[in-house]
Amino acid sequence: MSTKTGTADAGVVGEITRDCLLTRTRRISRIITNIYDQALRPYGVNAPQFSLLVLISKLGGASRAEIGRANYQERSTLTRNLALLLAEGWVEEMVSEGGARRRPLVISDAGRELLISAAPAWRSAQVTARQLLGREGAAAIVGVADSIPLEE
């Protein structure tokens, strides 16, 4: 490696290390996700799947595309996370009238039971995450997330 390349690389690495929002948000995401994963593990669901279950319940019947847009997820990621929810019977496809192509996904009774039974574990993870982030950090994350417009 030439000295010029090493110096240029060091400059870029220094800039990214110092300023990169992606690196920092991904680190925060991994740490927070791990907190929720540990809390939810006894219920057989991980944090992204639990979050997806909550979203499906909130939407009250939505297509895969609508769910993906609302959750800012690519199709492959959504499909992977939906697989367990469907296999466990926590989410089901609504039977549409007249054989329409759109088959919205809805939360099932078993999914509602999971949300209710796992709520104390979720609340515990919330407390841990808020303690880690601090009041200002948690408020900043909520504020930024709430200010991002939904994809149409």
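If you're wondering where the values come from, they're calculated on a predicted model, not measured in any experiment.
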Quiz item: Any side-chain heavy-atom pair from Asn34 and Gln38 closer than 4.5 angstrom?
Solution: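 Answer yes - side chains close enough.
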Quiz item: Do Arg80 and Thr77 have side-chain heavy atoms sitting under 4.5 Å apart?
Solution: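 Yes, side chains in contact.
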Can you see which heavy atom on [X] is nearest to which on [Y], and at what distance?
X     : Y      : value
Leu78 : Gln73  : CD1-OE1, 3.5 Å
Ala47 : Asp37  : N-OD1, 2.6 Å
Ala39 : Ala125 : CB-CB, 3.9 Å
Gly61 : Val106 : CA-CG1, 3.5 Å

Gap separating the [atom1] atom of [X] from the [atom2] atom of [Y], nearest 0.5 angstrom:
X      : Y      : atom1 : atom2 : result
Gln126 : Tyr36  : CD    : OH    : 3.0 Å
Leu114 : Gln49  : CG    : CD    : 10.0 Å
Ile35  : Arg130 : CD1   : CZ    : 12.0 Å
Asp146 : Ile141 : CG    : CD1   : 11.5 Å
Leu84  : Trp90  : CG    : CH2   : 5.0 Å
Ile56  : Leu85  : CD1   : CG    : 5.5 Å

Self-check item: Identified side chain to side chain contact (heavy atoms under 4.5 Å, CB included) counterpart of Leu105 within the set Leu52, Ile67, Leu59
Solution: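 That would be Ile67; it is the only one of Leu52, Ile67, Leu59 passing the side chain to side chain contact (heavy atoms under 4.5 Å, CB included) with Leu105.
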Within one Ile-Leu-Val-Met-Phe-Trp-Tyr cluster: [X] and [Y], side-chain cutoff 4.5 Å:
X      : Y      : value
Leu133 : Ile31  : yes
Val54  : Leu82  : yes
Tyr72  : Val144 : yes
Ile28  : Ile16  : no
Trp122 : Leu53  : yes

Please indicate whether [X] has more than 12 foreign heavy atoms, meaning atoms of other residues, nucleotides or ligands, lying under 6.0 Å from its [atom1].
X      : atom1 : result
Arg26  : CZ    : no
Arg75  : CZ    : no
Arg135 : CZ    : no

Practice problem: Inspect the contact between Glu93 and Arg64 and indicate whether a charged nitrogen and a carboxylate oxygen are less than 4.0 angstrom apart. | Solution: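 Looking at Arg64 and Glu93, the cut-off is met.
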Quiz item: Counting only N and O atoms by type, is there a donor-acceptor contact under 3.5 Å from the side chain of Ser108 to the main-chain atoms of Glu92?
Solution: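 Side chain of Ser108 to backbone of Glu92: no pair is present.
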